[in-house]
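One structure below.
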Amino acid sequence: MSFAPSQSLSSRAQDTVLGLFVVIALVLAGWLFFEDTRQGQGKQLSFGAILSSSYGLSKGSPVRLNGVNVGRIESIGLTAKGDVALTLMMQTEYQALYTEGSQLKIDSTLDIDNVLSGAGIAFIPGKGAPLQDGAILSASEPKSLKALMEEWDIQALSQKVADILINLDAIVSNVSSNQDNLTRSLENVATLTESMNAASQQLPAVLAQMQQTMKVMESTLQSGQATLADNMGAFTDVAEQSSALIKSIDKIASNIEPTVSELPETQALLNNLLFEVNGLTQQLRQHWLLQGSQAPAKNTGQRSPGNGLFPPDDSLYQSESGTSQGEPES
């Protein structure tokens with residue numbers, strides 16, 4: 001007796017599985033149709049827009065507001081002038097955002113949504129009154145490659161790049177030509193480094209010598225301070241004696257001051273005395289008793305010229321009408 005399934009049972013199972021797949025496909029198709037119909041009934045506002053090119057847009061392309069689908073392109077065609085005319089169907093649940101001043105912008109960014117669903121349009125709300133059904137919206141179109149090249153001035157940029165390359169080539173040439181100088185500079189730097197290394201090795205000895213010198217100076221200062229402390233008493237005695245000497249000098253100066261004030265008068269008296277002695281000496285020389293047998297000199301009545309140091313005294317000389325000089329009075 002065989003337990004293997006019959007051929008009729010196997011084919012019946014396959015038919016059952018195939019039927020299930022067909023039913024599931026029909027259910028999904030119905031649900032998609034229902035959703036599309038429901039969304040079509042909800043889009044009751046239509047707006048228009050004019051573009052110079054389609055930019056890859058087609059019927060059914062989405063209209064997004066901040067990444068959220070708020071509508072789609074209902075139709076796309078050409079105007080009498082050859083421009084691209086768009087008709088947008090927008091959902092009424094976002095009607096409060098459809099205001100005057102709103103703009104459309106071709107969404108040309110390369111992201112997942114655009115890759116999966118194609119190019120779309122971005123809706124940018126304005127700040128005016130609500131838009132009426134059938135309003136024409138202004139659209140911001142992306143710049144073409146030619147326009148971008150004109151805006152960026154590719155020729156000028158290429159010229160700048162060429163200039164930069166020329167300057168870079170000149171710099172490389174200068175570096176190549178100055179390679180010897182760079183080598184010598186590096187050698188000088190190496191020599192300087194060696195000198196600094198040798199100096200750093202000698203630095204501990206120099207520091208030790210400086211410390212020894214500082215110790216000697218410190219001991220010298222301590223000896224000087226001790227000597228100064230020992231001789232401080234002698235310095236004090238000398239200072240006191242100097243003060244006493246200064247006071248004695250001040251006292252002597254105060255005693256001499258009156259004598260100094262009388263010196264001019266004493267000098268005048270001495271001058272007069274010397275002058276009279278000089279005049280008396282002249283009279284004695286001219287007197288006849290002292291001259292012997294010689295006759296007395298005739299008195300001219302003129303005064304002696306003096307010695308030039310003291311002024312003569314006119315009272316010692318007689319005039320011509322008086323008695324003869326040196327004669328005794330009767």
Side-chain angles (χ1 to χ4, degrees), residues 24-161 163-164:
I24 293 172
L26 291 175
V27 171
L28 289 175
W31 180 76
L32 290 175
F33 178 77
F34 174 76
E35 287 292 328
D36 185 63
T37 304
R38 185 176 64 84
Q39 291 182 1
Q41 292 177 353
K43 297 175 183 177
Q44 299 176 355
L45 294 177
S46 65
F47 301 130
I50 304 297
L51 301 176
S52 61
S53 176
S54 63
Y55 298 105
L57 299 174
S58 61
K59 181 179 179 180
S61 296
V63 179
R64 300 186 182 95
L65 195 160
N66 295 332
V68 177
N69 290 342
V70 294
R72 60 185 176 84
I73 296 177
E74 178 66 19
S75 64
I76 183 170
L78 295 176
T79 63
K81 295 182 179 180
D83 295 328
V84 177
L86 301 179
T87 301
L88 310 178
M89 297 301 294
M90 309 295 289
Q91 298 178 12
T92 56
E93 58 181 318
Y94 304 113
Q95 187 174 359
L97 300 176
Y98 310 150
T99 56
E100 293 182 358
S102 299
Q103 293 182 352
L104 299 177
K105 182 178 179 181
I106 306 301
D107 190 4
S108 59
T109 57
L110 184 60
D111 53 13
I112 299 299
D113 292 338
N114 289 343
V115 171
L116 295 179
S117 60
I121 295 180
F123 185 90
I124 302 174
K127 296 182 179 180
L131 288 173
Q132 300 296 326
D133 188 18
I136 303 298
L137 301 176
S138 61
S140 176
E141 302 181 24
K143 294 182 179 179
S144 63
L145 181 60
K146 182 179 179 180
L148 291 175
M149 292 179 65
E150 292 177 355
E151 181 179 355
W152 294 343
D153 197 358
I154 299 299
Q155 185 176 1
L157 290 176
S158 62
Q159 183 63 36
K160 290 181 180 179
V161 172
D163 294 339
I164 292 173

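Sequence positions, counted from 1, serve as the residue numbers for this chain.
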Any side-chain heavy atom of [X] sitting closer than 4.5 Å to one from [Y]?
X: I73; Y: L88; value: yes
X: V70; Y: Q91; value: no
X: L51; Y: I106; value: yes
X: L57; Y: V84; value: no
X: I76; Y: T87; value: no

Nearest heavy-atom pair of [X] and [Y]: which atoms, and what distance?
X: P62; Y: N69; answer: CB-OD1, 3.7 Å
X: I124; Y: K105; answer: CD1-CB, 4.1 Å
X: M89; Y: S46; answer: SD-CB, 3.6 Å
X: Q95; Y: L45; answer: CG-CD1, 3.6 Å
X: P125; Y: L65; answer: CG-CD1, 3.8 Å
X: S102; Y: G126; answer: OG-N, 2.9 Å

Open item on the list: To the nearest 0.5 Å, what is the distance between CG on L86 and OG on S54?
Closed with: 9.0 Å
- [ ] Mind checking the CD-CG spacing from Q159 to D163? Nearest 0.5 Å is all I need.
- [x] 4.5 Å
Open item on the list: My understanding is that only residues two or more places apart in sequence, or in another chain, count here; which of them pass side chain to side chain donor-acceptor pair (under 3.5 Å) with N66?
Closed with: none
- [ ] Apply the test side chain to side chain contact (heavy atoms under 4.5 Å, CB included) to residues R64 and I121: give CA-CA distance (whole Å), side-chain angles for both, the deciding distance (0.1 Å), then the verdict.
- [x] CA-CA 6 Å; R64 300 186 182 95; I121 295 180; over 6 Å; no
Task: Any residue meeting ring pair (Phe, Tyr, Trp, His ring centres under 6.0 Å) with F123, in chain and number order, not counting sequence neighbours - done: Y98
- [ ] Check step by step if side chain to side chain contact (heavy atoms under 4.5 Å, CB included) holds for F47 and L131.
- [x] CA-CA 9 Å; F47 301 130; L131 288 173; 4.0 Å; yes
- [ ] For D83 and S52, test the side chains for any donor-to-acceptor distance below 3.5 angstrom and give the result as yes or no.
- [x] no
Open item on the list: Show me the pairs that pass ring-ring contact (aromatic ring centres under 6.0 Å, His included) and involve residues 52-90, at least two apart or across chains.
Closed with: none
TODO: Would you sort out whether L137 and Q103 count as a side chain to side chain contact (heavy atoms under 4.5 Å, CB included), showing the intermediate values?
DONE: CA-CA 6 Å; L137 301 176; Q103 293 182 352; over 6 Å; no
